[in-house]
2 protein chains.
Amino acid sequence: MSVRSRQPSEPEIPESEEEVLPARGQRKQRTRDALIDAALQLMNEGRSFNSLGLREITRVAGVVPTSFYRHFRDTHELGLVLVEESALTLRRMLREARRAGAPVKDMIRRSVQVYAAFVLANRLHFLFIAGERTGGSPVIRGAIRNEVDQFTAELTQDLRHLAIFPQLTPDSLQMICGLVVSTMLNGATDILDLPPGDSAQLIEDTLVHQLRVIFLGAQLWRDE
Amino acid sequence: MSVRSRQPSEPEIPESEEEVLPARGQRKQRTRDALIDAALQLMNEGRSFNSLGLREITRVAGVVPTSFYRHFRDTHELGLVLVEESALTLRRMLREARRAGAPVKDMIRRSVQVYAAFVLANRLHFLFIAGERTGGSPVIRGAIRNEVDQFTAELTQDLRHLAIFPQLTPDSLQMICGLVVSTMLNGATDILDLPPGDSAQLIEDTLVHQLRVIFLGAQLWRDE
DNA sequence: TTGGTATGTCAACAATCGTTCACTAAAAAT
DNA sequence: ATTTTTAGTGAACGATTGTTGACATACCAA
């Protein structure tokens with residue numbers, strides 16, 4: 001939950017395994033991470049980011065309110081950092097999917113399964129993206145839209161190289177990928193709304209069905 | 001902006017034209033409407049419903065904070081009323097579409113045009129639905145989901161009677177309608193995000209393209 | 001006309017909010 | 001060894017929050 005990627009400014013020769021290499025300015029990174037985690041944690045309780053208070057966040061992070069300003073100008077800036085971080089998770093998913101290659105048989109079903117598992121494994125990030133993608137602060141919504149558009153573009157490139165829809169113009173392929181992505185993000189909301197123990201099977205089935213219809217239509221599409 | 005459908009409890013014989021027919025208990029309805037309008041107005045400024053304060057709403061409504069409790073238990077309850085009211089707008093749209101009949105020629109394009117116009121004409125309600133459908137309070141989100149599901153079911157019925165997809169099972173048709181509805185709601189977000197003067201033509205084109213792909217896939221779909 | 005009901009107002013409360021300033025302590029740089 | 005820098009603390013501010021109770025005023029029914 002609080003495991004977080006460190007990005008040391010100057011990675012010297014690692015002496016040991018953990019917590020040793022860089023200066024102790026890593027303490028800063030730790031509380032910064034605590035603040036980010038606190039915000040995500042609060043949203044996991046069913047709150048929207050916009051309604052989070054600065055003091056509230058620092059309280060959960062276990063820091064005094066004034067410490068917040070050592071890391072972010074205001075909660076708004078924290079939100080933009082959350083966008084970046086969540087977008088990183090999106091790209092990581094795409095990278096892993098790329099590494100796994102394209103399963104020729106039952107590709108959609110497999111992809112949806114992997115996706116659903118990934119959403120659950122990165123619950124907080126998807127909760128933020130899917131939740132703040134609409135509503136909430138216009139600036140944050142815009143930032144998310146940019147990241148999602150970029151993600152869509154990358155997905156489009158991948159599909160283009162796979163040559164699944166050779167007859168589609170780049171624009172058509174892009175639009176279809178946009179449809180696919182928004183459908184997947186809608187599915188993420190549904191998955192995250194599930195009671196903790198429940199299976200996502202039904203949602204996965206729906207998602208598979210919808211995506212198959214889209215892909216069927218895309219295969220037969222002819223730009224006039 | 002503040003024109004609101006009155007539903008007088010006992011519409012007697014109207015003596016004059018306005019403000020005369022029913023008891024003066026209509027004053028209650030007016031401030032209640034003012035509160036609802038105030039909330040929508042604040043959300044139109046880019047705020048999410050969850051972040052609205054009770055005092056804030058009453059201030060915009062031009063009432064003292066304590067008056068709020070004469071109409072709603074808390075802001076949460078106001079939210080549920082907003083869901084009802086917005087859902088009414090949804091149904092109104094469907095009813096009008098039904099009355100207009102199904103244009104056989106270029107049906108998707110025409111529908112999208114009408115839809116885009118309807119979204120702009122009912123900006124606040126669509127802003128609420130599209131914005132609070134994800135994120136925000138779980139209860140409100142659940143209520144919206146119910147209304148949207150019901151809307152989807154009605155749309156499914158309509159399409160079934162039109163017999164556009166005679167080969168689809170009811171379940172398949174429902175799933176496809178779900179895909180259509182969420183695609184349309186996504187489009188609503190895009191339309192509402194447009195700068196005031198801009199044309200929605202580009203978004204409409206994208207929407208038409210996506211829906212055509214979906215319908216193309218749906219026509220050729222065969223349940224195994 | 002009288003009395004009850006209900007809508008809106010006013011004053012006040014404890015709590016929380018975001019933000020400031022001065023200060024401590026420890027790491028980094030000199 | 002000394003200075004500088006900086007992450008975190010603590011106290012305090014004015015403002016705003018949700019909620020309460022008592023009060024006024026106008027409506028409705030008797």
Side-chain angles (χ1 to χ4, degrees), chain A residues 4 6-12 15 19-39 42 45 47-81 137 139, chain B residues 4 6-13 15 19-39 42 45 47-81 137 139-140:
Chain A
R4 179 167 297 283
R6 323 275 168 82
Q7 40 180 1
S9 50
E10 291 295 334
E12 302 279 355
E15 305 179 17
E19 194 78 26
V20 284
L21 21 136
R24 288 296 179 84
Q26 289 301 65
R27 173 184 178 123
K28 175 163 187 175
Q29 191 73 9
R30 281 204 306 154
T31 59
R32 183 187 147 105
D33 290 349
L35 290 170
I36 294 177
D37 281 341
L42 283 167
E45 320 270 339
R47 312 273 308 279
S48 75
F49 178 78
N50 246 0
S51 69
L52 301 184
L54 183 149
R55 294 183 99 108
E56 199 175 6
I57 295 172
T58 59
R59 196 180 308 127
V60 173
V63 204
V64 91
T66 36
S67 275
F68 187 92
Y69 296 100
R70 304 290 186 191
H71 305 273
F72 311 101
R73 190 190 314 274
D74 47 25
T75 55
H76 195 91
E77 189 174 292
L78 206 187
L80 294 180
V81 170
S137 151
V139 178
Chain B
R4 176 166 301 282
R6 322 275 167 81
Q7 38 181 2
S9 49
E10 292 296 335
E12 301 281 354
I13 305 99
E15 306 180 16
E19 194 80 22
V20 284
L21 22 136
R24 289 297 177 87
Q26 289 299 66
R27 173 186 179 122
K28 174 162 188 175
Q29 191 73 9
R30 281 204 308 155
T31 59
R32 183 188 147 105
D33 291 349
L35 290 170
I36 294 177
D37 280 342
L42 284 166
E45 319 271 339
R47 311 272 310 277
S48 76
F49 177 79
N50 243 0
S51 68
L52 301 185
L54 183 148
R55 296 183 98 108
E56 199 175 7
I57 295 173
T58 58
R59 196 179 309 127
V60 173
V63 202
V64 93
T66 37
S67 275
F68 187 92
Y69 297 101
R70 304 291 187 190
H71 305 273
F72 311 101
R73 188 192 315 277
D74 47 26
T75 55
H76 195 91
E77 190 173 292
L78 205 186
L80 294 179
V81 170
S137 152
V139 177
I140 289 181

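Chain identifiers are assigned alphabetically (A, B, ...) following the order of the sequence lines, protein sequences preceding nucleic acid strands; residue numbering begins at 1 within each chain. Note that this is a predicted model, so its numbers are computed, not measured.
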Does any N or O in the side chain of A:Gln29 come within less than 3.5 Å of the main-chain N or O of A:Gln26, such that one atom is a donor and the other an acceptor?
no
Do A:Arg32 and A:Phe72 make a side-chain contact, defined as non-hydrogen atoms from C-beta onward lying under 4.5 Å apart?
yes
Calculate the interatomic distance between B:Asp74 atom CG and D:dT20 atom P; express it in whole Å.
11 Å
Whichever of B:Gly53 and B:Arg70 has the more 5' nearest nucleotide on DNA chain D, that residue is B:Gly53
Between D:dG18 (C1') and B:Ile57 (CD1): distance, integer Å:
12 Å
Between C:dT9 and B:Ser67, is there an OP1 or OP2 to side-chain N/O distance shorter than 4.0 Å?
yes
Nearest-Å distance, CD (A:Gln26) to P (D:dG8)?
12 Å
Counting any heavy atom closer than 4.0 Å, what does A:Arg59 reach on the DNA or RNA strands: base, sugar-phosphate only, or nothing?
sugar-phosphate
Ignoring hydrogens and angles, answer whether the base of D:dG10 and the side-chain atoms of A:Thr66 contain a donor-acceptor pair closer than 3.5 Å.
yes
Check the distance between C:dG8's P and B:Asp33's CG and give it to me in whole angstrom.
11 Å
Side chain to side chain, A:Glu77 and A:His71, heavy atoms closer than 4.5 Å:
no
Separation of B:Leu52 atom CG from D:dG18 atom P, in whole Å?
10 Å
Closest of C:dT20, D:dT17, C:dC10 to the B:Val64 side chain is C:dC10
Need to verify one output field. Residue with the more 5' nearest nucleotide on DNA chain D, A:Arg55 or A:His71?
A:His71
Here the distance between atom C1' of D:dG8 and atom CG of A:Leu35, to the nearest Å, is 11 Å
Measure from the side-chain heavy atoms of B:Leu54 and tell me the nearest of D:dG18, C:dA22, C:dT19.
D:dG18
Working to the nearest 0.5 Å, report the span between CG of A:Asp74 and CG of A:Leu54.
8.5 Å
Return the value, rounded to whole Å, for the distance between atom OH of B:Tyr69 and atom P of C:dC10.
17 Å
Contact class for A:Thr31 (heavy atom, under 4.0 Å): base, sugar-phosphate, or nothing?
sugar-phosphate
Out of curiosity, A:Arg73 CZ to A:Leu80 CG, how far, rounded to the nearest 0.5 Å?
11.0 Å
Would you kindly give the CD-to-C1' distance between B:Glu56 and C:dC17, to the nearest whole Å?
13 Å
